[in-house]
2 protein chains.
Amino acid sequence: MRTAPSARSSRDTSLRGHVYAWLRDALSAGKFVPGQKLTFRSIAASTNVSLTPVREAIRRLVAEDALEMEPNRSVRVPRMTVTKLLELRDVRIALESLATGKAARIMSKAEFARLQKIAKEIARARDRGDVATDRMKIREFHFALYRAANQPILLAVIERLWLQTGPYLNLLFPEYIGSGRGVAIRAKLIRALRARNVAMARREIANDIRSALSYVASLADESGNIVPASMPSVRKRRGKGQVS
Amino acid sequence: MRTAPSARSSRDTSLRGHVYAWLRDALSAGKFVPGQKLTFRSIAASTNVSLTPVREAIRRLVAEDALEMEPNRSVRVPRMTVTKLLELRDVRIALESLATGKAARIMSKAEFARLQKIAKEIARARDRGDVATDRMKIREFHFALYRAANQPILLAVIERLWLQTGPYLNLLFPEYIGSGRGVAIRAKLIRALRARNVAMARREIANDIRSALSYVASLADESGNIVPASMPSVRKRRGKGQVS
DNA sequence: TGTCTTGATTTGTGATCACAAATGTACCGA
DNA sequence: TCGGTACATTTGTGATCACAAATCAAGACA
């Protein structure tokens with residue numbers, strides 16, 4: 001297996017690293033309600049550690065824009081808006097095109113094969129309706145590609161952006177995913193990579209990101225807010241973290 | 001005056017914010033030797049605070065890749081290499097071109113004027129050989145432009161990248177700066193912006209970054225390391241943080 | 001009923017302490 | 001002279017405490 005969601009903090013044995021991973025995974029999985037306030041002590045209780053490591057973990061997430069810290073010094077799960085999502089879309093297109101272009105030039109046969117294999121696994125998971133591994137494999141596909149570019153700084157920036165896009169990619173299921181748009185693009189992408197056609201590879205990855213995130217953006221309500229799927233039966237005590 | 005180096009942490013009255021700003025400015029100014037190990041207690045002593053806020057400030061810098069944390073849990077000032085610098089160059093080109101393109105579309109007259117004014121101030125500082133304000137104004141010019149793009153996420157990412165490029169831009173003085181290459185590009189850039197010529201504006205900002213950072217990269221020694229200028233008379237006790 | 005005030009509680013911040021891992025140093029044997 | 005071991009010191013980590021700012025909950029008054 002060895003999924004290793006984040007390549008950078010793999011072997012972090014510290015408590016702070018543990019809390020960080022716990023929070024990051026919870027955020028990615030959409031286990032928090034956007035706008036929800038997180039208190040240090042409640043997280044400390046959930047993870048069975050003292051305040052100290054919790055504080056440092058939260059501070060890191062804040063630095064990565066995965067959490068927001070308000071002037072009144074309370075931390076909240078960021079809300080997603082169309083504006084923000086479209087901005088993330090454009091930044092991701094710029095950076096992931098760059099990474100794809102670099103990868104197209106230097107990828108090895110083994111890396112082509114790995115991509116192909118992951119694409120097959122995505123198709124298989126999709127056939128049996130396994131949304132969880134479908135999502136995981138999509139992420140794996142993208143990062144296998146970007147890692148092949150051999151650009152650690154670029155990779156780190158892209159990882160942070162994915163952390164922000166976080167749970168909202170769940171909204172692609174089942175409609176967008178079912179449309180087969182992603183499959184077609186991925187096929188063309190692999191073909192372009194194999195041919196070392198840099199321009200075409202860049203175009204395809206850009207298409208993939210653009211169509212997916214534009215679709216998610218189209219799901220916004222009238223006030224521009226976007227609510228992630230797979231949420232934990234929304235808390236009764238509304239009003240607290242909601243409209244502000 | 002009101003320089004406000006980082007728009008995000010402007011009004012941070014906390015001790016941790018103070019330490020963060022202190023460290024960030026010291027890093028940007030090249031007051032630390034690359035590879036130098038920083039101890040929590042020494043920074044706490046320098047800033048007259050306890051370990052707690054120092055730890056959180058350092059953690060933030062680490063998250064922003066402005067400091068490195070080794071597996072043996074010691075934090076060091078990152079060393080710059082040609083490889084890293086060229087990667088930063090390409091990422092910066094991608095993102096700052098994007099920001100410039102957006103800005104070109106929506107900039108107001110007032111913002112054009114502000115850019116023009118800063119360009120004049122750069123020229124004036126240069127005439128009197130004032131390197132310090134020259135550098136500061138160049139930064140101001142770029143960020144006035146990027147801020148005009150009205151893309152907060154993009155701006156935050158760009159800020160982090162500049163933090164990494166940090167003191168190495170000092171190496172542009174006096175040779176590259178004296179070549180007048182930057183001045184010519186900036187003039188064309190402003191013209192393109194005024195004409196709302198997106199493609200040309202993007203091309204010019206890309207040229208600016210590419211030529212500047214490629215020049216810095218050319219200053220690397222035979223082993224690929226790059227040493228910043230304006231350093232504090234290198235510590236006698238070598239061997240500690242040097243070649244490893 | 002709605003608004004302001006007052007007091008109780010929650011919550012983030014910073015300092016301090018204890019401890020273990022990492023580092024440095026002196027001493028020993030080959 | 002070189003390599004390794006034992007001990008002392010430094011240094012990051014995590015827990016705990018004190019405190020002030022923020023938040024909440026009643027109660028008073030209009």
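Chain naming here is simple, since letters A, B, ... match the order of the sequence lines and numbering starts at 1 in each.
- Spacing between atom CZ of B/Phe40 and atom P of D/dT11 amounts to 12 Å, rounded to whole angstrom units.
- Regarding B/Arg60, its CZ atom lies at a distance of 13 Å from the P atom of C/dT13, rounded to whole Å.
- The bend of the helix from C/dT1-D/dA30 to C/dA30-D/dT1, defined by the angle between the axes of its first five and last five pairs, stands at 20° to the nearest 10°.
- Remark: C1' of C/dA22 and CE of B/Met69 are 13 Å apart, rounded to the nearest angstrom.
- Here A/Ser50 reaches the OP1 or OP2 of D/dA15: one of its side-chain N or O atoms lies under 4.0 Å away.
- Counting any heavy atom pair closer than 4.0 Å across all strands shown, B/Thr52 reaches a base atom.
- Salt-bridge annotation for B/Arg16 and B/Glu56: present, with a side-chain N of the basic residue lying under 4.0 Å from a carboxylate O of the acidic one.
- Considering only side-chain N and O atoms, A/Arg16 lies under 4.0 angstrom from the phosphate OP1 or OP2 of D/dT13.
- Using a 4.0 Å heavy-atom distance criterion, A/Leu38 is classed as a sugar-phosphate-only contact.
- Nearer to the 5' terminus of DNA chain D, by closest-nucleotide assignment, is the contact made by A/Asn48 (compared with the other of A/Asn48 and A/Ser74).
- No contact: B/Ile43 has no heavy atom under 4.0 Å from any strand.
- One interatomic measurement links the two molecules: CG of A/Leu51 to P of C/dG12, which rounds to 8 Å at whole-angstrom precision.
- When the options B/Arg79, B/Arg76, B/Lys84, B/Lys37 are evaluated for a salt bridge (charged side-chain N to carboxylate O under 4.0 Å, His left out) with B/Glu68, the one that passes is B/Lys84.
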- Message: Would B/Leu61 and B/Leu163 count as a side chain to side chain contact (heavy atoms under 4.5 Å, CB included) here? Give the steps.
- Response: CA-CA 9 Å; B/Leu61 269 324; B/Leu163 189 51; 4.1 Å; yes
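- Nearest-nucleotide positions on DNA chain C place B/Val49 closer to the 5' end than the other of B/Val49 and B/Arg41.
- Atom CD of A/Glu56 is separated from atom C1' of D/dA15 by 12 Å (rounded to the nearest Å).
- Distance, B/Glu70 CD to D/dT13 P: 13 Å, rounded to whole Å.
- With rounding to the nearest 0.5 angstrom, the CG atom of A/Leu155 is 5.0 Å from the CD atom of A/Glu159.
- In this structure, the NZ atom of B/Lys37 is 13 Å from the P atom of D/dT10, given to the nearest Å.
- Checking the phosphate oxygens (OP1, OP2) of D/dT13, a side-chain nitrogen or oxygen of B/Arg59 falls inside 4.0 Å.
- Annotation: B/Glu175, atom CD; neighbour count of heavy atoms from other residues, nucleotides and ligands within 6.0 Å does not exceed 12.
- A residue-by-residue look at B/Arg55 and A/Arg73 shows that A/Arg73 has its nearest nucleotide of DNA chain C further toward the 5' end.
- At the phosphate of D/dT23, OP1 or OP2 sits under 4.0 Å from a side-chain N or O atom of A/Asn72.
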- Query: Can you list the steps and then say if B/His18 with B/Asp12 is a side chain to side chain contact (heavy atoms under 4.5 Å, CB included)?
  - Reply: CA-CA 7 Å; B/His18 171 242; B/Asp12 193 343; over 6 Å; no
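- Between A/Arg147 and A/Glu140 there is no salt bridge, since no side-chain N of the basic residue sits under 4.0 Å from a carboxylate O of the acidic one.
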